[in-house]
Amino acid sequence: MATPQTFQNHAHRPTATIIGFAFTGVALGAFGARFLRGDHSPVMVGLLAITGALLALLYISRVYTVKLQDRIIRLEMRVRGAALLTPEQQRILHGLPIKKVVALRFASDAELPLLLERAGREQLSPSDIKRAVTTWTPDQDRT
């Protein structure tokens, strides 16, 4: 059985992406040092270009993945909110920035309506919203 999710252990760290950035950084450093020492051969220029392209692809893949996940969470919360929230509470939910909606995603069905109202009224940060959650709805499918 998985460990229950809480504020302290909910953060997701995309290990494969971190390792990819680390190896690409090492390669960029090695190729860059050689280039700066005067090796301007076409092979070295090509290796630097490929390393730069790899950095761009790693960055783009992470940004696109997170944006897609945010859109899915927003949709999930709208569907969930249709069953749990009053029309006024749904308007509050639709007006919140995505980071706050993502934070509210962890709230249980029982505490979502009141926490949503509090988040809107008190302008809670996403971190404050997560800290206020007492019964977590885990998200084990993070990317």
Side-chain angles (χ1 to χ4, degrees), residues 1-36 39-40 42-143:
M1 182 170 193
T3 304
Q5 206 170 62
T6 65
F7 178 77
Q8 288 75 23
N9 71 3
H10 81 282
H12 174 71
R13 290 170 183 79
T15 306
T17 303
I18 293 168
I19 291 169
F21 272 114
F23 278 117
T24 306
V26 170
L28 185 61
F31 298 149
R34 222 172 132 174
F35 186 82
L36 290 175
D39 185 354
H40 298 135
V43 170
M44 190 53 55
V45 172
L47 288 172
L48 280 170
I50 289 171
T51 305
L54 183 56
L55 278 171
L57 287 172
L58 281 166
Y59 175 77
I60 288 168
S61 71
R62 191 71 210 136
V63 168
Y64 285 9
T65 300
V66 171
K67 281 191 172 288
L68 179 58
Q69 181 172 271
D70 287 351
R71 288 184 68 179
I72 292 168
I73 291 171
R74 185 178 293 281
L75 177 60
E76 173 191 352
M77 291 300 291
R78 285 184 177 189
V79 170
R80 200 170 151 208
L84 299 172
L85 304 174
T86 67
E88 178 57 31
Q89 290 169 330
Q90 289 179 36
R91 277 192 286 283
I92 294 169
L93 179 65
H94 296 307
L96 289 177
I98 188 62
K99 297 292 182 196
K100 292 182 181 186
V101 174
V102 170
L104 284 165
R105 185 254 169 261
F106 293 106
S108 67
D109 289 353
E111 65 188 321
L112 178 62
L114 292 177
L115 186 54
L116 169 66
E117 288 179 357
R118 184 173 165 221
R121 184 178 59 250
E122 298 176 20
Q123 295 299 309
L124 297 176
S125 71
S127 185
D128 290 337
I129 293 169
K130 291 178 195 175
R131 280 189 187 93
V133 173
T134 56
T135 306
W136 276 66
T137 300
D139 185 354
Q140 306 295 348
D141 298 319
R142 310 267 282 294
T143 56

Nearest atoms (heavy-atom pairs only) where [X] meets [Y]:
{"X": "Pro126", "Y": "Ala103", "result": "O-CB, 3.4 Å"}
{"X": "Val133", "Y": "Phe106", "result": "CG1-O, 3.6 Å"}
{"X": "Pro113", "Y": "Leu85", "result": "CA-CD2, 3.7 Å"}
{"X": "Arg13", "Y": "Ile18", "result": "CB-CD1, 4.4 Å"}

Side-chain donor/acceptor of [X] to backbone N/O of [Y], under 3.5 Å:
{"X": "Gln89", "Y": "Glu117", "answer": "no"}
{"X": "His40", "Y": "Phe35", "answer": "yes"}
{"X": "Arg118", "Y": "Ala132", "answer": "no"}
{"X": "Lys100", "Y": "Leu124", "answer": "yes"}

Report yes if some heavy atom in the side chain of Leu112 is under 4.5 Å from a heavy atom in the side chain of Met77; otherwise report no.
->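 In short, these two side chains touch, coming nearer than 4.5 Å.
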Are side-chain heavy atoms of Lys130 and Ser127 found at a separation under 4.5 Å?
->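 Not touching, per the 4.5 Å side-chain cut-off.
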Pairs under 3.5 angstrom only: tabulate donor-acceptor contacts from the side chains of residues 24-32 to other protein residues two or more places apart or in another chain.
residue	atom	partner	partner atom	Å
Thr24	OG1	Gly20	O	2.7

Rounded to the nearest 0.5 Å, what separates atom [atom1] in [X] from atom [atom2] in [Y]?
{"X": "Ile72", "Y": "Arg105", "atom1": "CD1", "atom2": "CZ", "value": "11.5 Å"}
{"X": "Leu115", "Y": "Thr134", "atom1": "CG", "atom2": "OG1", "value": "8.5 Å"}
{"X": "Leu58", "Y": "Ile19", "atom1": "CG", "atom2": "CD1", "value": "11.5 Å"}
{"X": "Arg80", "Y": "Ile73", "atom1": "CZ", "atom2": "CD1", "value": "11.0 Å"}
{"X": "Leu36", "Y": "Met44", "atom1": "CG", "atom2": "CE", "value": "11.0 Å"}

Residues Gln90, Arg78; criterion side-chain contact (heavy atoms from CB on, under 4.5 Å); working and verdict = CA-CA 8 Å; Gln90 289 179 36; Arg78 285 184 177 189; over 6 Å; no
Is there any side-chain hydrogen bond (donor to acceptor under 3.5 Å, both in side chains) pair reaching into residues 59-74, and which pairs are they, with sequence neighbours excluded?
->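 Non-adjacent pairs meeting side-chain hydrogen bond (donor to acceptor under 3.5 Å, both in side chains): Gln69-Thr143.
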side-chain contact (heavy atoms from CB on, under 4.5 Å) between Glu76 and Val101, worked out = CA-CA 10 Å; Glu76 173 191 352; Val101 174; over 6 Å; no
Start with the C-alpha distance between Leu116 and Leu96, add both sets of side-chain angles, then the distance that settles side-chain contact (heavy atoms from CB on, under 4.5 Å), and finish with yes or no.
-> CA-CA 9 Å; Leu116 169 66; Leu96 289 177; 3.5 Å; yes
